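Reading through the structure tokens given below for one structure.
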Amino acid sequence: MKKGLLIGCVSVVAVAMMSSSALAAVYETLTVKRATVKPNGLTTLMLETTSNSGSFTWYTVPQGSDDQSLAIALTAISLGNKVRVGKPSAGSTVILEIGLDNANL
């Protein structure tokens, strides 16, 4: 029951965040390895690609959606789930959209 409620709340936050952000052009499913908040308030996520295990990239989250992104990332770590992120282009390290990937549920 608690797991379902938590996932439901995080999903609502993800949908709200996605509806207010710029449209993403590229989507990827990634594994969250680390989530940090820098002294200047910038939220960064270390994500691992599913196709190239062991390849980590640091991504930034635009201010204004950092709390929601951090909550989604920490939930993914806690549940052992992946996240689906939307980026403006293939090589970008800026996350415009983020949500839990339900493939493991």
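None of these values were measured; they are calculated from a predicted model.
Counting all heavy atoms, side chain and backbone alike, Leu74 lies closest to Ala35 at CD2-CB, 4.2 Å. When all heavy atoms of Ile72 and Leu100 are compared, the pair lying nearest together is O-CD2, 3.9 Å. Closest of all the heavy-atom pairs between Ala71 and Thr75 is O-OG1, 2.7 Å. Nearest approach of Ala90 to Val26, heavy atoms of both residues: N-CG2, 3.5 Å.
With contacts defined as side-chain heavy-atom distances shorter than 4.5 Å, the pair Thr44/Val61 does not qualify. Residues Thr49 and Thr57 form no side-chain contact, since every pair of their non-hydrogen atoms from C-beta on lies 4.5 Å or further apart. Within the 4.5 Å cutoff, the side chain of Glu97 has heavy atoms near those of the Tyr27 side chain. When side chains are defined from C-beta on, Thr36 counts as touching Arg34, because their heavy atoms get closer than 4.5 Å. When side chains are defined from C-beta on, Leu30 does not count as touching Glu48, because their heavy atoms never get closer than 4.5 Å. Residues Leu45 and Ile95 meet the side-chain proximity criterion, which asks for heavy atoms closer than 4.5 Å.
A salt bridge is defined here as a Lys NZ or Arg NE, NH1 or NH2 lying under 4.0 Å from an Asp or Glu carboxylate O, and Arg84 with Glu28 fails to meet this definition.
Under the 3.5 Å distance criterion, with hydrogens and angles disregarded, a donor-acceptor pair is assigned to the side chains of Lys82 and Thr31.
Follow the hydrophobic side-chain contacts under 4.5 Å out from Trp58 and you never reach Leu42; the two are in separate clusters.
Here the rule is side chain to side chain contact (heavy atoms under 4.5 Å, CB included) with Leu47, and of Val85, Ile98, Thr29 only Val85 fits it.
Qualifying side-chain hydrogen bond (donor to acceptor under 3.5 Å, both in side chains) partners for Thr93, counting only residues two or more places apart in sequence or in other chains: none. Under the side chain to side chain contact (heavy atoms under 4.5 Å, CB included) criterion, Val94 pairs with Thr60, Pro62, Ser92, Leu96, not counting sequence neighbours.
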